[in-house]
Amino acid sequence: MREILKRRRRLLSRRNDGKPELISAALTFATEWQWPVLPGVAPDPRGRARCACPDPECTVPGAHPFDPGLLAASTDARMVRWWWTNRPDAPVILATGGRAPCAVSLPALAASRALALLDKRGMRLGPVIASPTRWALLVKPYSMEQLGELLYAKDFVPGSLRFHGEGGYIALPPSETGQGAVRWERAPLPGSSSPWVPDVEAVVDAVVDALTRTGVSAPEL
């Protein structure tokens with residue numbers, strides 16, 4: 001029980017200015033859950049909808065790695081402390097795949113309706129990450145071959161679905177990005193190890209079926 005309370009405090013701890021302690025969250029992800037993380041590029045101070053990276057047309061402002069690159073993602077506590085001590089406001093970026101979860105994301109409105117239907121059916125979901133524009137459902141790691149076979153077998157897959165697998169990334173709570181705050185829509189249950197996540201097949205099947213039944217076209221975003 002003491003360890004569970006400790007994890008909750010670390011994920012929800014606040015600085016003196018009321019903002020979440022990103023370093024505490026990053027350390028929990030990296031050292032306790034063994035999720036490789038790295039700091040993301042910050043939103044451009046001249047405007048949060050812009051990104052501080054060199055790409056003037058960046059589509060995920062403040063929500064992607066830049067320096068260091070994605071391959072630098074680490075579970076080493078000393079590295080994580082060094083990064084966020086020097087960049088305390090940097091978004092926490094998860095390098096998906098490998099030992100870490102992957103994710104399936106879709107536009108926020110479509111995701112909200114899909115999750116409501118899945119709840120009525122009693123489907124068990126893992127953690128769900130929400131930003132103002134998109135929600136991401138965490139799933140077990142999968143290979144590109146596995147994903148290809150899954151999608152090939154389907155008659156229809158909404159084009160707005162995105163898959164964050166090996167070599168991909170996603171921003172974790174409580175990051176602030178150019179698109180707004182990243183939060184837990186479904187928070188991980190406290191435990192002694194990495195949170196449980198479902199298989200990608202179960203999530204894709206359920207989400208596609210839910211979108212079809214609710215009549216949500218899930219526009220490309």
Side-chain angles (χ1 to χ4, degrees), residues 19-20 22 25-26 29 35-73 83-84 87-98 100-115 127-139 141-144 147-148 150-151 154 156-186 200 203-204 207-208 211 216-221:
K19 294 182 180 179
L22 288 163
F29 301 139
W35 291 2
V37 298
L38 74 163
V41 62
D44 193 319
R46 295 171 295 176
R48 293 197 64 83
R50 301 173 58 181
C51 191
C53 75
D55 183 0
E57 299 181 358
C58 180
T59 58
V60 284
H64 66 91
F66 173 62
D67 183 17
L70 186 63
L71 293 179
W83 276 331
W84 272 275
R87 299 168 58 183
D89 294 322
V92 182
I93 303 297
L94 168 69
T96 53
C102 293
V104 177
S105 70
L106 63 160
L109 176 61
S112 176
R113 294 180 179 177
L115 261 64
V128 178
I129 298 168
S131 76
T133 57
R134 295 186 71 85
W135 291 11
L137 289 70
L138 297 187
V139 298
Y142 56 78
S143 66
M144 292 306 296
L147 179 62
L150 171 63
L151 299 182
K154 292 204 157 297
F156 169 74
V157 176
S160 59
L161 283 184
R162 294 180 189 165
F163 299 91
H164 311 260
E166 185 75 32
Y169 58 85
I170 194 166
L172 293 172
S175 301
E176 287 280 347
T177 74
Q179 296 172 329
V182 180
R183 61 179 177 81
W184 294 113
E185 173 63 26
R186 303 287 172 86
V200 65
V203 168
V204 171
V207 167
V208 170
L211 293 178
V216 178
S217 60
E220 297 272 357
L221 285 175

Would you name the heavy atoms of Ser105 and Arg134 that are closest together and state the gap between them? O-NH2, 2.9 Å
Kindly say whether Leu137 contributes a backbone atom to a donor-acceptor pair with the side chain of Arg186 at under 3.5 angstrom? no
Point-to-point distance, once rounded to the nearest 0.5 Å, from CG of Leu94 to CD1 of Ile129: 7.0 Å
Write down the atom of Pro39, the atom of Arg87, and the distance for their closest heavy-atom approach. CG-NH1, 3.6 Å
Criterion side chain to side chain contact (heavy atoms under 4.5 Å, CB included) on Leu150 and Tyr142, from CA distance to verdict: CA-CA 11 Å; Leu150 171 63; Tyr142 56 78; over 6 Å; no
Here the gap from Leu115 atom CG to Trp135 atom CH2, rounded to the nearest 0.5 Å, amounts to 6.0 Å
Enter the distance from Thr133:OG1 to Leu109:CG here, rounded to the nearest 0.5 Å. 12.5 Å
Determine whether Val204 and Val157 make a side-chain contact, defined as any pair of heavy atoms from C-beta on separated by less than 4.5 Å. no
Testing the basics here: between Cys102 and Pro141, what is the closest heavy-atom pair and its distance to 0.1 Å? SG-CA, 3.5 Å
Shortest non-hydrogen pair, Ala171 vs Thr177, comes out as CB-CG2, 4.4 Å
Atom pair OH (Tyr169) and CG (Leu70), whose distance is rounded to the nearest 0.5 Å: 8.5 Å
Any Val92 side-chain heavy atom under 4.5 Å of Trp35 side chain: no
Quick one: does Leu22's side chain get under 4.5 Å of Pro88's, heavy atoms only? no
So, do Asp55 and Cys53 sit near enough that their side-chain heavy atoms are less than 4.5 Å apart? yes
Distance check, rounded to the nearest 0.5 Å: Leu38 atom CG versus Leu71 atom CG? 9.5 Å
Taking all non-hydrogen atoms of both residues, which atom of Ala181 and which atom of Pro132 are closest, and how far apart? O-CD, 3.4 Å
I'd like to check Leu106 versus Val207 (side-chain heavy atoms, cut-off strictly below 4.5 Å). Are they in contact? yes
Closest heavy-atom pair and its distance - Gln179, Thr59: NE2-O, 3.4 Å
Check the angle between the aromatic planes of Trp184 and Phe29 and answer parallel, tilted or perpendicular using the 30° and 60° thresholds. perpendicular
Please check: side-chain N/O of Ser175 versus main-chain N/O of Val182, any donor-acceptor pairing under 3.5 Å? no
Do Ile93 and His64 come close enough that some side-chain heavy atom pair is under 4.5 Å? no
